[in-house]
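Both ligands and their constituent atoms are indexed starting at 1 by order of listing.
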Amino acid sequence: MYRALVTDKVHPAGLELLREKGIEVVEDLEAYKPEVLKERIKGFDVLIVRSRTKVRREVIEAADKLKVIARAGSGLDNIDLEAAKEKGIKVVNAPDALKNAVAELVIGMMVVLARRAHYSYRKLLEGEWEKVMGFELAGKTLGVVGFGRIGREVAKKAKALGMNVIAYDVVDLSETAKEMGVEFTQDLEELLRKSDVVSLHVPLTEQTRNMINRDRIKIMKDGAILINAARGEVADYSALLEALESGKLWGVGLDVYPEEPPKSEELLKLIRHPRTFATAHIGAQTEEAQRRTSLEVAQRILEALGLQ
Ligand SMILES: O=C(O)[C@H](O)COP(=O)(O)O
C-alpha cells in the first residue's frame, strides 16, 4: 500500500480521492519544519506540500521510499528539483487550478490601490472622513511581467476593465498576445517605461530573483503602481520602500514576501506604509481554487504512481 504524507493544509477533496484509490494519507501539519520532516519522511511514497514546506536536498536525501513530491499549487521554488531528479523522484503540481483566484486578487488590488480605498478605510477606522483622490484604470496601461497562465488571466480581466495591456516574457509569446489584443515585448525596460500598473507573474528562479531592483524602479513611470503576487524575492523590497517614501510610486500591492510570515522591521515598515495594500499570501486561498488544486494534484499523483 502506498503512503502519502501531507505537511500543509490541503483541501480534503483530493486527499479523499487518494484514499479511495487505496493510498494511506497521513496529515501532519507539524512536519513542515525541516528537522521534523527529515525524520518523518521515512516510509512515505508521496509527499504533498504547499509553499510553507521547504523540500530541500537534506529532506530528499533522507527519504527512503519517496517516489512523488506533489506541490498542491503552482510555484516549485520551495522544492529542490535537482535533488529530486537525481533520486528519480517525480515532481507534480497543479498550475491551472489557481490562476483565476490569483488574477481576481490582483485585479482587486489594482482597483483598491488606484482609488486608495485601503487608505480611505484606514482613515474611517481612525474616525477621519478624508475624501481621497484616485485615478481610473480604464485607458491606462497594465504591464504584465511573465505571460504564463496567471499573467494571461490577469491580462484578460484587465482588458475587460478597458485597460491597454503590454506583456513581457522570456519566451516569445507574441502570437498568443496578438490573439488577446495584448502588446508583447521581450524588453522588460520597455514595459516598465510604458506601464501605469506593473504586475509580476514570473516564477522565482535565479534569473528572476531581484528583477525589480532600484535601477528598474527608476525606469518606471512616476506615480505607477507595482503589484507582486508572484514571489517576494522577485522584487527588492527595500527599494520598494524607498520608492514609496520618495513618492516615485503611487502604491504597492503585495501578497508575497521574501520572508513569510514577514518579521523584519523593514518589511513591516513597507507593509504598514499608507501607500501599501498587503495580504498574507492569499492568492490561491479560495474554496474553489483549493478544491480544484487538491483534485488536480491528486490526479497527477495517481498518474505518477501508475494507478490511473
Ligand atoms: O505558487 C502557488 O501555488 C501560490 O503562490 C500559492 O501558494 P500556497 O499554496 O502556499 O498558498
Side-chain angles (χ1 to χ4, degrees), residues 4-15 25 27-34 37 46-56 59 68-81 84 91-109 144-154 169 199-209 211-212 226-235 237 253-262 267 277-301:
L5 175 65
V6 187
T7 58
D8 286 315
K9 186 111 198 62
V10 173
H11 193 283
L15 304 183
V25 179
E27 289 173 84
D28 182 348
L29 300 189
E30 281 304 299
Y32 79 93
K33 297 172 187 150
L37 186 57
V46 181
L47 173 63
I48 307 177
V49 300
R50 288 177 61 183
S51 61
R52 185 183 67 150
T53 305
K54 311 295 173 217
V55 193
R56 300 294 176 224
V59 169
V68 186
I69 299 169
R71 164 55 162 118
S74 173
L76 295 172
D77 49 286
N78 56 322
I79 298 167
D80 190 328
L81 299 175
V91 178
V92 299
N93 66 343
D96 254 330
L98 48 77
K99 64 181 184 190
N100 189 63
V102 179
E104 284 188 6
L105 180 69
V106 167
I107 296 290
M109 281 187 164
V144 175
V145 179
F147 205 42
R149 292 171 171 88
I150 300 173
R152 292 202 283 268
E153 197 58 41
V154 171
D169 204 289
S199 190
L200 308 179
H201 299 290
V202 288
L204 174 63
T205 63
E206 280 324 302
Q207 287 70 44
T208 62
R209 190 178 293 277
M211 104 194 271
I212 301 300
L226 183 96
I227 294 177
N228 188 9
R231 283 294 178 271
E233 294 89 335
V234 169
Y237 279 28
L254 301 172
D255 186 46
V256 288
Y257 308 87
E259 168 196 32
E260 293 184 1
L267 270 182
F277 181 57
T279 48
H281 202 155
I282 58 165
Q285 281 293 97
T286 64
E287 169 65 24
E288 297 89 337
Q290 284 307 311
R291 189 184 160 79
R292 274 196 301 269
T293 297
S294 171
L295 285 168
E296 194 177 317
V297 90
Q299 285 295 349
R300 299 288 94 79
I301 292 169

- [ ] Using modelled atom types only, decide if a donor and an acceptor are shared between the side chain of Asn78 and the backbone of Arg50 within a distance under 3.5 Å.
- [x] yes
- [ ] Verify, without hydrogens or angle tests, whether Arg71 (side chain) and Gly75 (backbone) share a donor-acceptor contact under 3.5 angstrom.
- [x] yes
Open item on the list: Using a 6.0 Å cut-off, check whether atom CZ of Arg56 has over 12 heavy atoms from anything other than its own residue.
Closed with: yes
Task: With sequence neighbours excluded, residues passing side-chain contact (heavy atoms from CB on, under 4.5 Å) with Glu206 - done: Arg209
Open item on the list: Is there a side-chain contact between Asn228 and Ile212 in this structure, where contact means two heavy atoms from C-beta onward sitting under 4.5 Å apart?
Closed with: no
Write 'none' if nothing qualifies; otherwise put on separate lines each N/O atom of ligand 1 with a protein N/O atom under 3.5 Å away and their distance to 0.1 Å.
unit_1   : atom_1 : unit_2 : atom_2 : d
ligand 1 : 1 (O)  : Arg71  : NH2    : 3.0
ligand 1 : 1 (O)  : Gly75  : N      : 2.8
ligand 1 : 1 (O)  : Arg231 : NH2    : 2.7
ligand 1 : 3 (O)  : Arg71  : NH2    : 3.1
ligand 1 : 3 (O)  : Ser74  : N      : 2.6
ligand 1 : 5 (O)  : Arg231 : NH1    : 2.9
ligand 1 : 5 (O)  : Arg231 : NH2    : 3.4
ligand 1 : 5 (O)  : His281 : NE2    : 2.7
ligand 1 : 7 (O)  : Arg71  : NH2    : 3.2
ligand 1 : 7 (O)  : His281 : NE2    : 3.4
ligand 1 : 9 (O)  : Arg50  : NE     : 2.8
ligand 1 : 9 (O)  : Arg50  : NH2    : 3.4
ligand 1 : 9 (O)  : Arg71  : NH1    : 3.1
ligand 1 : 10 (O) : Ser51  : N      : 3.0
ligand 1 : 10 (O) : Ser51  : OG     : 2.4
ligand 1 : 11 (O) : Arg50  : NH2    : 2.8

Open item on the list: Under 4.0 Å between a side-chain nitrogen and a carboxylate oxygen: does that hold for Glu153 and Arg149?
Closed with: no
